[in-house]
Amino acid sequence: MFLESFKSTVKRCDMTESMGTETTGKTSMSAELLAKMDAYWRAANYLSVGQIYLKDNPLLERPLTLDDVKPRLLGHWGTTPGLNFLYVHWNRLIRERELNMLYVIGPGHGGPGLVANTYLEGSYSEIYPHIERNKDGIKRLFRQFSWPYGIPSHVAPETPGSIHEGGELGYSLVHAYGAAYDNPDLIVACVVGDGEAETGPLATSWHSNKFLNPATDGAVLPILHLNGYKIANPTILARIPHAELENLMRGYGYEPFTLEGDDPAVMHQQAAAIFDTMLDRIAAIQKAARKEGSTARPAWPMLIMRTPKGWTGPKFVDGKPVENTWRAHQVPLDQIFEKPEHLRQLEEWMRSYKPEELFDEKGHFRADLADIAPKGRLRMGMNPHANGGLLLKPLNVPNFRDFAVKIEGRGQQDVESTRVLGRLLHAVMEANKDQKNFRVFGPDETASNRLQDVITGTGKEWMAETLPVDENLSQTGRVMEILSEHMCQGWLEGYLLTGRHGFFSCYEAFIHIIDSMVNQHAKWLKTTREIPWRKPIASLNYLLSSLVWRQDHNGFSHQDPGFIDHLMNKKADVVRIYLPPDANTLLSVGDHCLRSRHYINLIVAGKQPAPQWLTIDEAVAHCTTGLGVWQWASNDDGGPEVVMACCGDVPTMEALAAVTMLRAKVPDLRIRVVNVVDLMALQPTSEHPHGLPDEQFDALFPVGIPVVFAFHGYPWLIHRLTYRRHNHDNIHVRGYKEEGTTTTPFDMCVLNNIDRFQLTLDAIKRVPRLAGQVEAAEQWYSEQIQRHKLYVAENGDDLSEIKNWRWPQTSPAGKSGNPGLDTQVCDSCPT
Ligand SMILES: Cc1ncc(C[n+]2csc(CCOP(=O)(O)OP(=O)(O)O)c2C)c(N)n1
Ligand SMILES: [Mg+2]
């Protein structure tokens, strides 16, 4: 038996040493219910094995032949029986207690189990009517699994009841908590693979209980699926003394329960008792918080489920142990076509579930068994929280114009753009505090990114201890701060996937920590877009601040604008990237992102005091087109000789400063200034829905005219985006090129050759008629840089003419010729 084999292979401490927790509850299921639950479990296991192996003969009405077996055997058996076991037990609890339960599966490779269970409960056929609840339907169910143009092998978006594919391990528990926040009636049962538990994000996720308020949030029921193995190795948590494992869980603030064994009859009875106790615990915790006013942080129950990997599967294959070993991970019998013995074993294995007792001759699941599943929306495959778009209420977004910066002369006042956005976010928080469907997430940087206004009133969620010195910590806070980008990302994903709204602000350089998580979310969005029954959810909104160009007290480690490049690789339908150059454009972009659906919106905006360029009306018009000529900064009557393009707040300032120098040097040079807010507009329309049509692009960047492009990020990206444009050969980009340290703001620009002197020189070098001035310009450039370097080295600060530079108010620029604020803003603005 399992326990014997376990004890013989693993040396671990006596269980009694660690029996500090109550593991027996009041439940004693009737023999009849126990038999039905076991039969239900067998049915789920049978259908799971069938999906992995068979394309025909679904009820084993005749002996299996090679013709019945799929040519490619794909799928994961090892985790599946454990997932199925839990499903049937959740079903009982849902029925008896009318629970609103979501099931999140960490080892999502157990996809066949979830498909099988949603099929047995009927939700699968309701969503996919061609998979009927009869023999034909079962055959199709088997055939489609891991089959070209069928369904994926994981708990993918196609799987009813899922918000978590589990393909990339590590995020189950954080998703579960994200789903539970502000969902007081929801219980999220979350299976954590014992291998998955070794990942960094999962290890941190246990701490999510310090952010879960039993009065206002739902409950998470973590199950550590301790089947002992990963793909090819034992798991750490299975090979430490049980007492140590329980203490680890206690240390995380949980009350651990243990279910251990492999005899189904005993296990069903024990599991039922433990689950009843755990659910009673949850009910008591919630009652204490909701009815009795308790504010203590509770020790939520969690389960350690120690069962064999590949439970009920082949015990030995080719003389080697399989059940309860890592060999059970994927397809235990994988040489069906080469070894007749494997085919025989497969048939024996499938028949061990007694399909004839589970399905009638037409392939209908027996009514008395089907009857023990919950009905309607209580079925986990039909829980609306797993299709969050169904529950999505629009966010109340107050008028962003009310927060606009009044522009008194272009570039004359310095404002911290993100602080202005923080006021809007605060208003959003206030406007939605009754419907409780908006949260702001950040890795300890909300205030550092100057968004602190959002904290006012609502506070930061915190269930752990507090001291008098603390500020704004609250058990009902709506700003979520933990020093883990993984948690911020995962909580937000779980929150969005269950139909709410959110906002994540982060230092630009460190957002890369969640590169891989955002990949997975982008895949989810891309796939669900193509699944008609999945409704659109709110967009995942990022604000990246503390940008590469202004890391005055941090330096090289904090300089990396590459998240833009990373997101650019994602499907055009899914990603949007904005670099607003000032506060009013940031407000306009922020408003747009908060209202949008089913995107990943990336906003890159500085937090340092910086010049302001556009009135709010101009900002709205500019953001609507995504890019355009800033006519007030241009003097291109008769067509430009050079286009000074810019994208990002610091590059915009440098480009404009370069324009003033060019005017001084070559007064008759016809210069056009183009600012880009929406990076995607640079792409051709064929590549991105925001892409500017070629004619419009050519009108902005005329063929043959040099473009000096100052870009916030890595320069190559602009080439990539514009490489199909007619004028691409004339686009010359300056951006971040991995030069940096702890230095002055302007020196950062100089180190990366995006400074105003360099841009001025670039323009002179690129305009053919200025060839005669290049030598003098190069000399001038060297002198300026020399002067700058000597000054910063000596004084530790930028030259005052750089620091205090302002866009000239009596500029001869602009068609209107007006100093300061011109009435005409950009060529592409709607009039
Ligand atoms: C982040 C990540 N790394 C590696 C893998 C490859 N992988 C798939 S399953 C698996 C083992 C999982 O073990 P466990 O979590 O214990 O699941 P179970 O035993 O229930 O199958 C691994 C390493 C992955 N899916 N995700
Ligand atoms: Mg495992």
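Since the structure is predicted, the reported quantities are computational estimates derived from the model, not experimental observations. Numbering starts at 1 and runs along the sequence shown. Each ligand, and each atom within it, is numbered from 1 in the order the structure gives.
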Q | 4.0 Å protein heavy-atom contact status of atom 11 (C) of ligand 1, strictly under | A |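 Neighbour list for atom 11 (C) of ligand 1 includes protein heavy atoms (cut-off 4.0 Å).
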**Q.** Contact bool for atom 3 (N) of ligand 1 (protein heavy atom, d < 4.0 Å)
**A.** no
Q: Determine whether F145 and L74 make a side-chain contact, defined as any pair of heavy atoms from C-beta on separated by less than 4.5 Å.
A: no
Q. Do the non-hydrogen side-chain atoms of S205 and M487 ever get within less than 4.5 Å of each other?
A. yes
Q: Might you confirm whether atom NZ of K523 has over 12 heavy atoms from other residues, nucleotides or ligands at distances under 6.0 Å?
A: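 At most 12 heavy atoms, drawn from other residues, nucleotides or ligands, come within 6.0 Å of this atom.
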Top protein contact for [atom], by heavy-atom distance:
atom                    : result
atom 15 (O) of ligand 1 : E196 N, 2.8 Å
atom 20 (O) of ligand 1 : T79 OG1, 2.7 Å
atom 19 (O) of ligand 1 : K309 NZ, 2.6 Å
atom 17 (O) of ligand 1 : H109 NE2, 3.5 Å
atom 22 (C) of ligand 1 : I231 CD1, 3.4 Å
atom 14 (P) of ligand 1 : G195 N, 3.4 Å

Q: Could you tell me whether L169 and ligand 1 have an N or O pair separated by under 3.5 Å?
A: yes
**Q.** N or O contact, Y229 vs ligand 1, cut-off under 3.5 Å
**A.** yes
**Q.** Geometric class of the F441/Y495 ring pair [parallel <30°, tilted 30-60°, perpendicular >60°]
**A.**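 Plane angle over 60°, so perpendicular.
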Q: Give the ring-plane orientation class for F275 versus H89, where under 30° counts as parallel, over 60° as perpendicular and anything between as tilted.
A: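 Taking H89 first and then F275, their aromatic rings stand perpendicular (interplane angle over 60°).
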Q: Grab the two heavy atoms, one from A116 and one from S48, that are nearest each other, plus how far apart they are.
A: CB-OG, 3.9 Å
Q. Taking atom 9 (S) of ligand 1 as the point of reference, which of Q330, H329, K230 owns the nearest heavy atom?
A.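 Nearest heavy atom to atom 9 (S) of ligand 1 lies in H329.
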Q | Close approach, G167 and ligand 1, non-hydrogen under 4.0 angstrom | A |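 The answer is yes, since G167 has a heavy atom less than 4.0 Å from ligand 1.
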**Q.** ligand 1 contacted by T199 (non-hydrogen, < 4.0 Å)
**A.** no
Q.
Strictly below 4.0 Å, N to O, side chains only: are R143 and D68 in salt-bridge contact?
A. no
Check: [X]/[Y] side-chain N/O donor and acceptor closer than 3.5 Å:
X    : Y    : result
H175 : H164 : yes
K309 : H329 : yes
Q489 : Y171 : no

Q | P107 neighbourhood, listing ligand 1 atoms whose heavy-atom distance to it stays under 4.0 Å | A | 17 (O), 20 (O)
Kindly confirm whether the Mg ion (ligand 2) is within less than 2.8 Å of some N/O/S atom in [X]?
X    : value
T79  : no
Y229 : yes
D194 : yes

Q: Identify which one of Y177, Y181, W491 satisfies the ring-ring contact (aromatic ring centres under 6.0 Å, His included) criterion when paired with F211.
A: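 Option passing the ring-ring contact (aromatic ring centres under 6.0 Å, His included) with F211: W491.
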